[in-house]
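Everything on this sheet refers to the single structure shown next.
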Amino acid sequence: ILNAFSEFMCIFVLLFFICGIGTTSAEASSLNYVFVFFIIMAIGMSFGGLTGYSMNVTRDLSPRIAWYQLAPGENKDAEWNYAWVPFVMPIIGGICAALVFGVLPL
């Protein structure tokens, strides 16, 4: 459950702050790229201990599918009971971040 919360918070924080960059004076400059870099670095350093830089859904799902399809043997375990965490939780976190940012008065 801690990994699911970590996945949720990673993408929530990332999208919430990236949406916030668009409302600042850095929107017209190229400083917003620097801000995004530091946001990603901060998220990776704070949440990266649990699940790594898991802000990309395909980073975990694609290798799992490839391992399951290409690995020889019949007793393959791709840990499908955990596969939903890095796939579903970032999607839910992104939706929640967009909804929370949308209701804030700016």
**Prompt:** Within a reach of under 6.0 Å around CZ of F87, are more than 12 heavy atoms found that belong to other residues, nucleotides or ligands?
**Reply:** no
Please report, to 0.1 Å, the donor-acceptor pairs under 3.5 Å made by any side chain of residues 35-47, with sequence neighbours excluded.
residue : atom : partner : partner atom : Å
S46     : OG   : A42     : O            : 2.8
S46     : OG   : I43     : O            : 3.3

**Item:** Over all atoms of both residues, closest heavy-atom pair of V85 and P90
**Value:** O-CD, 3.5 Å
**Asked** Do the side chains of Y82 and M9 join up, straight or via other hydrophobic residues, at under 4.5 Å, putting them in one cluster?
**Response**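 Yes, one cluster joins them.
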**Request:** Look at the side-chain heavy atoms of Ile, Leu, Val, Met, Phe, Trp and Tyr, link any pair under 4.5 Å apart, and say whether L31 and L14 land in one connected group.
**Result:**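 L31 clusters together with L14.
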From [atom1] ([X]) to [atom2] ([Y]), nearest 0.5 Å:
{"X": "I1", "Y": "S6", "atom1": "CD1", "atom2": "OG", "result": "13.0 Å"}
{"X": "I21", "Y": "F17", "atom1": "CD1", "atom2": "CZ", "result": "9.5 Å"}
{"X": "I18", "Y": "I11", "atom1": "CD1", "atom2": "CD1", "result": "8.0 Å"}

**Fill in**
By side-chain contact (heavy atoms from CB on, under 4.5 Å), F8 pairs with (sequence neighbours left out) F12, M89, I92, C96
